Structure formats: C-alpha cells, structure tokens
Protein chains: 2
Amino acid sequence: MKVKQAASQLEALGKPTRLEIYRALIRAGENGLAVGALQESLNIAPSTLSHHLKTLIISGLISQERQATTLICRANYNSMQDLVNYLVSECCVDQSVGTTSMCKPTPICKDC
Amino acid sequence: MKVKQAASQLEALGKPTRLEIYRALIRAGENGLAVGALQESLNIAPSTLSHHLKTLIISGLISQERQATTLICRANYNSMQDLVNYLVSECCVDQSVGTTSMCKPTPICKDC
DNA sequence: ACAGTATTTCTAGAATTACCGAAATAGGTA
DNA sequence: TACCTATTTCGGTAATTCTAGAAATACTGT
C-alpha cells in the first residue's frame, strides 16, 4: 500500500461522523446496511450521509451494492486488514540491535 | 476509547506528511528520533514539522522526551494498539446469526 | 551572562472540508 | 407513462487546516 492511499483511508475515518458510519458497518458484518437504515440510526441529513459515504467509497474502505431501490453498504474487511498491516509492517526495522523491542508485551508487529 | 479520541488519532494519521512522520517513528522503535533528525530526513520546514508533531502529540500517538537541547520523539505503541482494537472490537456484533462471518479468512477480530 | 543550537510560536494566505436544504436522478411498480 | 421511494448532486456558507517565513523561546556549555 502506498502512503497516499493509507492516508486517504485514515483521513476518511478521521471524522467522528464517518467513523460512526464505518463502525456501524463493521458491526453489521456481511449483511451490510442500507443507506436509509444508516441515515435513520445515525440521524444525519441524507445529503451529508451521501457525501460521507462517497468519501469512504473512494478511499476503498466500504462498497455498495444495489438491491432494487436501496443501496446496501458494506465495510470492506480486506481494506481494513491492509491498512492495519501498513501501519505496523515496518515496526522497529530501523531500531539499533541489542535494545529491547517496544513491541512487548503487546506486539503490534509479528516480528517483534 | 471514545469515538472522538479515535477519530482524532485517525485524523492525525490521515495526512501523508504526518503519516510519514509517524511511520518513521514506528520504524525507529524505542530509540525514537530527534525532531532535527526527522526534519532532515523528511525535508520539511521546521515550523511545519513542529505543527504536525503537536497534532500527533495531542492525539496521544507519539510523545517527546527532552535530552539536553534535543527533543526525542517516540511512537506510543500502546495508543496504536488501542486504536486498532477500537476499530475492530465490535466486528460483526450486529450480524444475524447463521451467516458466515466476514472476518474469514483474514479475521480482524478475535471472535470471528 | 553569553553565544550557539534546537525547536516552537506567531502570523497570514490559500486550499480544503463539513454541513444542509432544495432540486435532480435512479429504479421499481401500477 | 406516471408516480413513489431511495439516494445523490448542486449551491453556498462557515469553519478548519496546511504551509512556511520570521521572530521568540529553551537548553547547554563556556
């Protein structure tokens, strides 16, 4: 993953409104949620919700599938996985030899 | 973790410049990096770097320790761990029973 | 105290973003 | 076709943010 794409995804999650949207989709699992259901449960203006969904879609974090007149939104779990991996993948690689790893006792990278 | 704090940390990582700063510190491990070393390797104006470091510090993602005239910056690994946990912690909890979990074959939550 | 290096604060302009109401579009159905 | 529901696009305002040069501050060593 390139830094620009990772930043785009992190920025997409960096506003409370969009983070709530995303977490609702994470909670929903593979069933996803309709735009209308999101709008009702989060209580934000339809145009605002649409705007935020677009941001999340462009970043690749979520996707939509049309079912008749409703649009089902789903979190893209692979994107989240890739993003987390990107954040921790180079953990400690520049660290001098012989020092204790920062990653213990709660390692964020598999090599530490 | 509250949504506002998580969003603050994600937003802090959501600009390429700050993400590069953060990743440099992740790579540096527990030794950390001086502000001046960051400035030289990333080639950004000192005032801009200072501004971004402040954002990262306020969000809790990094911290600084003074060593004589230089300030050593370090990534706060626990914060990253908490943030990742927050993102995936409620994965699939609203999902209907009987459906296959989205979390396979690359689970992002330990329960799936 | 003074000089020197390291870093932050101040200031300001350009650019981006959030937000929402109103109008427009997409798809389904009678 | 005409209508209905679901969702997006448009238009505009207010607020935030990025960026960096110049000045100010923090700390050390002499």
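Given the structure is predicted, the values throughout are model-derived calculations rather than measurements. Chain naming here is simple, since letters A, B, ... match the order of the sequence lines and numbering starts at 1 in each.
- Put simply, the side chain of A:Val3 reaches to within 4.5 Å of the side chain of B:Glu20, judged on heavy atoms.
- Distances were taken from every side-chain heavy atom of A:Ala68 (C-beta onward) to each of C:dG28, D:dT8, D:dA20; the shortest belongs to C:dG28.
- Using a 4.0 Å heavy-atom criterion, one finds that A:Thr70 contacts the sugar-phosphate atoms exclusively.
- Each of C:dG28, D:dT19, C:dA18 was ranked by its minimum atom distance to the side chain of B:Thr17; first place goes to D:dT19.
- In the set D:dC18, D:dT8, C:dG28, the nucleotide with an atom closest to the side chain of B:Lys15 is D:dC18.
- A straight line from CD of A:Gln39 to P of C:dC19 spans 14 Å, rounded to a whole angstrom.
- If you take CG of A:Leu13 and P of C:dA18, they are 12 Å apart, rounded to a whole angstrom.
- With distances taken from any side-chain atom of B:Ser47 to the nucleotides C:dC19, D:dA22, C:dT7, the minimum falls on D:dA22.
- Side-chain atoms of B:Val35 lie closest to C:dT7 of the nucleotides C:dG21, C:dT7, D:dT7.
- Distance, A:Leu38 CG to D:dT7 P: 9 Å, rounded to whole Å.
- Spacing between atom CD of A:Glu65 and atom P of C:dG27 amounts to 14 Å, rounded to whole angstrom units.
- Side-chain proximity of A:Thr69 to the nucleotides C:dC20, D:dC27, C:dG28 is greatest for C:dG28.
- Side-chain proximity of A:Ser50 to D:dA20, D:dT9, D:dC18: nearest is D:dT9.
- In this structure, B:Ile58 is not a member of the same hydrophobic cluster as B:Leu19, with clusters built from ILVMFWY side-chain heavy atoms closer than 4.5 Å.
- Between A:His51 and the phosphate of C:dA18, there is a side-chain N or O to OP1/OP2 separation shorter than 4.0 Å.
- Which of D:dA20, C:dT7, D:dT7 sits closest to the side chain of B:Leu71 comes down to C:dT7.
- In terms of heavy atoms, B:Gln9 sits closest to B:Leu61 at O-CD1, 3.5 Å.
- Backbone-only contact: B:Gln64 has heavy atoms under 4.0 Å from sugar-phosphate atoms and none from a base.
- In this structure, CD1 on B:Ile57 lies 11.5 Å from CG on B:Asn76, to the nearest 0.5 angstrom.
- Here the CG-CG distance, from A:Leu71 to A:Leu38, works out to 11.0 Å after rounding to the nearest 0.5 Å.
- Nucleotide D:dA20 holds its P atom 8 Å from the CD1 atom of B:Ile44, rounded to whole Å.
- B:Glu40 comes within contact range of no nucleotide atom at all, as no heavy-atom separation falls under 4.0 Å.
- When rounded to the nearest whole Å, the span between CG of B:Leu53 and C1' of C:dA6 equals 13 Å.
- A heavy-atom distance below 4.5 Å is found between the side chains of A:Val35 and A:Leu49.
- Taking for each of B:Arg18 and A:Pro46 the nucleotide of DNA chain D with the nearest heavy atom, the 5'-most of the two is the partner of A:Pro46.
- Separating the CD atom of B:Glu20 from the C1' atom of D:dC18 is a distance of 16 Å, rounded to the nearest angstrom.
- For the helix from C:dA1-D:dT30 to C:dA30-D:dT1, the rotation axes defined at the first and last 5 base pairs enclose an angle of 20°, given to the nearest 10°.
- Look at NZ on A:Lys54: it is 15 Å from C1' on C:dC20, rounded to the nearest Å.
- Each of B:Gln64, B:Glu65, B:Glu30 was scored for a side-chain hydrogen bond (donor to acceptor under 3.5 Å, both in side chains) with B:Arg74, with one residue passing: B:Glu65.
- Side-chain proximity of B:His52 to the nucleotides D:dT19, D:dC27, C:dG21 is greatest for D:dT19.
- Distances from the side chain of B:Arg66 to the nucleotides D:dA26, D:dT7, D:dT28 place D:dA26 closest.
- Cation-pi contact between A:Arg23 and B:Tyr86: present, with separation from the ring centre below 6.0 Å and deviation from the ring axis of at most 45°.
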